[in-house]
Enquirer: 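Here it is, the structure in full.
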Number of protein chains: 4
Amino acid sequence: MLRKQELRSAETRRDILSAAGALFAKRGFDAVTMREIAGKAGCSHTTIYIHFKDKEALLHALSMPSLQELKQRMESILLHHDLSPEERLKGISREFIHFCLQNRTMYTIFFEAKSVRVDEERPALPINQLRNGLFRLLQQALQDCLDRQRGDLLLTSARIFFFTIHGIVGTYTYSEETPEALMDRLSSTFDEAVDVLLLGFRQQTVLRQQTIQGGTIL
Amino acid sequence: MLRKQELRSAETRRDILSAAGALFAKRGFDAVTMREIAGKAGCSHTTIYIHFKDKEALLHALSMPSLQELKQRMESILLHHDLSPEERLKGISREFIHFCLQNRTMYTIFFEAKSVRVDEERPALPINQLRNGLFRLLQQALQDCLDRQRGDLLLTSARIFFFTIHGIVGTYTYSEETPEALMDRLSSTFDEAVDVLLLGFRQQTVLRQQTIQGGTIL
Amino acid sequence: MLRKQELRSAETRRDILSAAGALFAKRGFDAVTMREIAGKAGCSHTTIYIHFKDKEALLHALSMPSLQELKQRMESILLHHDLSPEERLKGISREFIHFCLQNRTMYTIFFEAKSVRVDEERPALPINQLRNGLFRLLQQALQDCLDRQRGDLLLTSARIFFFTIHGIVGTYTYSEETPEALMDRLSSTFDEAVDVLLLGFRQQTVLRQQTIQGGTIL
Amino acid sequence: MLRKQELRSAETRRDILSAAGALFAKRGFDAVTMREIAGKAGCSHTTIYIHFKDKEALLHALSMPSLQELKQRMESILLHHDLSPEERLKGISREFIHFCLQNRTMYTIFFEAKSVRVDEERPALPINQLRNGLFRLLQQALQDCLDRQRGDLLLTSARIFFFTIHGIVGTYTYSEETPEALMDRLSSTFDEAVDVLLLGFRQQTVLRQQTIQGGTIL
DNA sequence: AATGAATGAGGGTTCATTCAT
DNA sequence: AATGAATGAACCCTCATTCAT
């Protein structure tokens, strides 16, 4: 019958996580107070310290599971060989964007190295590895679409692709609309962005080859 | 003889602005202390309050002139009819990116509504008008390149173009490299991003028209 | 069958006491945490409150037995009539010093009225009686050495003797060396301190008597 | 006319110092709160941080001047060649004891390495140098009295002498009596302690020489 | 115009202790 | 008897801001 207590504790932990998640997302890590989190979670601020070592640990606990879930979703799309490479790339991108919008300012924290520092002291922090893994997945999906590109050319394309994804997220990070509303309203635009980029990348490959051939002929 | 005092005062004001600008740019609005600004400006922290209502007013005052300067630079490129439309778009984009990198965290503040809120209480803040003006300039330059696009199609292209620009800036906002080093290293990549997007936009216009024509034929 | 439980309880109590003793001795009363004590004792910190009213009660319970043991050791030396009075005084002093060094910060607490206050509210606390008993034993041992001293003269000698003992302990209370290392290295110095004091006391008795006699003669 | 403000500030500083001094002395460094000090000093706790970097700086500021004054008093006695060496030693000891009683728990802090650590990170902290200087003065005064002692013998004597002084201070550190009342009541006892020790030291020198001579003769 | 002094609100964190089980 | 969860008070310290000069 001890279970009741454990359940209660787990519930508190969840309350704290969800309160912190909402507040971090809305106002950013630094601006949020432990006492605010506690207030929203319906417990004393000291209780937080029972469940999490400190504020940063709270952030970590908050990030890891959702990032892991995202990674799984992205991986499963990548392995979905019924889909065309273009569909897989669009799917993965949509998933990534949706996640970032759902986690709003959290996104800033994960990806812009603010509090979760990529610094010397903790080089292989699991969260950083996860982050890098996500980027590699996107890159793989892109490569599957651009099988005629190699090396530097591919790298540049990947960079440009990332810029656009990053920009989409950045543009709507501070929007007041819900992530779902945003996705409903804009996912076709996002898909089109992918289309445009792929068209551009391929067209450029063609142009380059023509230039080279032309150059050789002359 | 009063003039001397006035000059002195204006100078102090400038010192404060330049100190605050440098510090905000390097470490972000929140992380900078009024006392630090005062220290770097060579005055007492109370003096700042003589010239600026509060920390946020300081930020405002700081943003306006540099944004205005940026706007002028962008406008002059747009009017530079010796250049091809593509060159003008690349030039304007480079200028915008360079500015955002130079002002780093400031950028976040201008464009991501952090401290300079685009909120209900002050709807038509001059800074927001300026901001919108900048976007219109970019849009115009883009339109000059896509003269066969109209209406919704053009709007979507503009959006996608902004995403990429925004993403470029976001990607390097927290970099340790100087803006100049970044521009040196990456401006060809940025130019290429513009090329790719333009190629993609045009190719898509072609595809759509083919689809429509094909549809008509059947 | 209840016995088993009782035994278990008594054992827990002992574990707590021994953990607290070690920690208080090493780091001082204030610096030690109830949770640390619990950790070292292998129980939950709440369990401590079943056995002891609060942190201070723990200290009390801790002091009594060790003081009582010390008292017994000192008494047995005092009754050891094979030894010369000087040897007994040295022995008793060594015992007392060794105890104080072993109990380090505890010593401060017993003897310098820090947490176990000798204050108005609890005048005849058993611990204070014990403490006074120890001092009387030392005094007795001293008196056995100074059989020609009486009354005020003896009182002054006792005071001076205590000062020195107290100072020895105080000097090494915060040392990093183990009590045993300290005793090894310094017990001959401590013995010599006793020798010096006895020589001094006796010499002074002689001088006073000469003064008195001389005074009488003139 | 700015002076008024400066005076006020200096007064606040003094108020803080005197409040902190009283509280540290009565209850010890750790137990005293910045807010308490502020309360007693009649200012906000933040004001303390205007005048002193942190709590430890407050302690330093508090200790240095009084220690310096003590050192000067001790030095002037040592140079007072009208007095006999014995008188000088008694005078210096009295001065030292009086100071320690006046500064009570401060004494603990200075001399027992609690907060003002003699640790690796700040080896040559001025306060530690001062402290060592004081001990050397006492040692010099003792040596002037024991001109027939050398080397190890002298060192042991010095140690024993320190023990006694240390013990005197320790014994009365927590007394409720004022330092003046204590000095009035006990300074003759303290003087006598010095007499006894000197007699003992000298007598022991004599005994040793006899032992040596005796040994040689036999 | 400019400043040093001063402040209140609040930051994260720790601790001894109590409550429900 | 024993425990994990939870708490409120308190810790030192920092900051943007105001006041008196």
Side-chain angles (χ1 to χ4, degrees), chain A residues 1-13 30-38 42-51 53-56 58, chain B residues 2 4-6 8-13 30-38 43-51 53-56 58, chain C residues 2 4-6 8-13 30-38 43-51 53-56 58, chain D residues 1-6 8-13 30-38 42-56 58:
Chain A
M1 285 306 155
L2 278 174
R3 283 293 138 84
K4 220 176 245 170
Q5 209 179 133
E6 279 174 29
L7 286 176
R8 200 102 179 76
S9 171
E11 197 183 332
T12 302
R13 200 189 131 96
D30 285 340
V32 173
T33 277
M34 293 301 262
R35 282 169 169 85
E36 275 177 307
I37 297 170
C43 68
S44 153
H45 66 281
T46 46
T47 299
I48 301 180
Y49 288 93
I50 295 171
H51 295 277
K53 187 183 152 294
D54 56 18
K55 203 182 177 188
E56 192 166 343
L58 190 47
Chain B
L2 274 174
K4 229 175 230 167
Q5 233 180 63
E6 279 174 28
R8 198 96 181 78
S9 172
E11 196 184 332
T12 302
R13 199 189 133 94
D30 285 340
V32 173
T33 281
M34 292 299 262
R35 276 179 161 82
E36 276 176 308
I37 298 170
C43 70
S44 153
H45 60 284
T46 38
T47 301
I48 301 180
Y49 290 92
I50 295 166
H51 294 278
K53 185 183 155 293
D54 57 18
K55 204 181 174 186
E56 192 168 342
L58 188 48
Chain C
L2 276 175
K4 232 177 226 169
Q5 230 181 66
E6 278 174 30
R8 197 99 181 75
S9 172
E11 195 183 334
T12 302
R13 199 189 133 95
D30 285 339
V32 173
T33 282
M34 292 300 261
R35 277 179 160 81
E36 277 176 305
I37 297 170
C43 68
S44 153
H45 61 284
T46 38
T47 301
I48 301 179
Y49 289 92
I50 296 167
H51 294 278
K53 183 181 157 292
D54 58 17
K55 204 182 176 188
E56 192 168 343
L58 188 48
Chain D
M1 289 309 149
L2 278 174
R3 283 293 138 83
K4 219 177 247 170
Q5 209 179 130
E6 279 174 29
R8 197 103 178 74
S9 172
E11 195 183 333
T12 302
R13 201 190 131 95
D30 285 339
V32 173
T33 280
M34 293 302 262
R35 279 175 163 85
E36 275 178 306
I37 297 170
C43 69
S44 151
H45 67 280
T46 45
T47 300
I48 301 180
Y49 289 93
I50 297 171
H51 295 277
F52 305 94
K53 187 183 153 292
D54 57 17
K55 203 182 176 187
E56 194 166 343
L58 189 47

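The chains referred to below are lettered A, B, ... by the order of the sequence lines, with proteins before strands, and numbering in each begins at 1. Reckoned from all heavy atoms, side chains included, excluding hydrogens, waters and symmetry mates.
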Enquirer: Which comes earlier along DNA chain E counting from the 5' end, the contact point of Cys43(D) or that of Ala31(A), where each point is its nearest nucleotide?
Expert: Cys43(D)
Enquirer: Can you name the residues that form a side chain to side chain contact (heavy atoms under 4.5 Å, CB included) with Glu36(C), not counting sequence neighbours?
Expert: Leu23(C), Arg27(C), Val32(C), Thr33(C)
Enquirer: In whole Å, what is the span from the NZ atom of Lys53(D) to the C1' atom of dT14(F)?
Expert: 13 Å
Enquirer: What integer distance in Å separates Lys55(D):NZ from dA10(F):C1'?
Expert: 12 Å
Enquirer: Run the side chain to side chain donor-acceptor pair (under 3.5 Å) test against Arg35(B) and tell me which residues pass, sequence neighbours left out.
Expert: His45(B)
Enquirer: So what's the dot-bracket for DNA chain F: Watson-Crick or G-U pairs under 3.5 Å, [ ] if a pair crosses, | if it pairs off-strand?
Expert: .||||||||||||||||||||
Enquirer: Measure the distance from CD on Glu6(A) to C1' on dA20(E) and round it to the nearest whole Å.
Expert: 14 Å
Enquirer: What's the CE-C1' distance between Met34(C) and dT18(E), to the nearest Å?
Expert: 12 Å
Enquirer: Looking only at heavy atoms, what is the nearest atom pair of Ile48(C) and Ala38(C), with distance?
Expert: CD1-N, 3.8 Å
Enquirer: Go nucleotide by nucleotide along DNA chain E from the 5' end; which of Ser9(B) and Glu36(A) gets its closest nucleotide reached first?
Expert: Ser9(B)
Enquirer: Give a yes/no answer on whether the side chain of Thr12(D) brings an N or O atom under 4.0 Å of OP1 or OP2 in dA5(E).
Expert: no
Enquirer: Quick check: closest heavy atoms across Tyr49(C) and Asp54(C), and the distance to 0.1 Å?
Expert: CE2-CA, 4.2 Å
Enquirer: Got a sec, which residues hit side chain to side chain contact (heavy atoms under 4.5 Å, CB included) with His51(D), two or more places apart in sequence or on another chain?
Expert: Ser9(D), Thr12(D), Arg13(D), Ile16(D), Thr47(D)
Enquirer: Heavy-atom contacts under 4.0 Å between residues 45-52 of chain D and DNA chain E, which residues?
Expert: His45(D), Thr46(D), Thr47(D), Ile50(D), His51(D)
Enquirer: Consider the side chain of Thr33(A), meaning its heavy atoms from C-beta on, and name the nucleotide among dA2(F), dG12(E), dT17(E) that approaches it most closely.
Expert: dG12(E)
Enquirer: Distance check needed: dC15(E) P versus Asp30(C) CG, whole Å only.
Expert: 12 Å
Enquirer: Does a distance-only test, which skips hydrogens and angles, find a donor-acceptor pair under 3.5 Å between the side chain of Arg35(A) and the base of dG12(E)?
Expert: yes
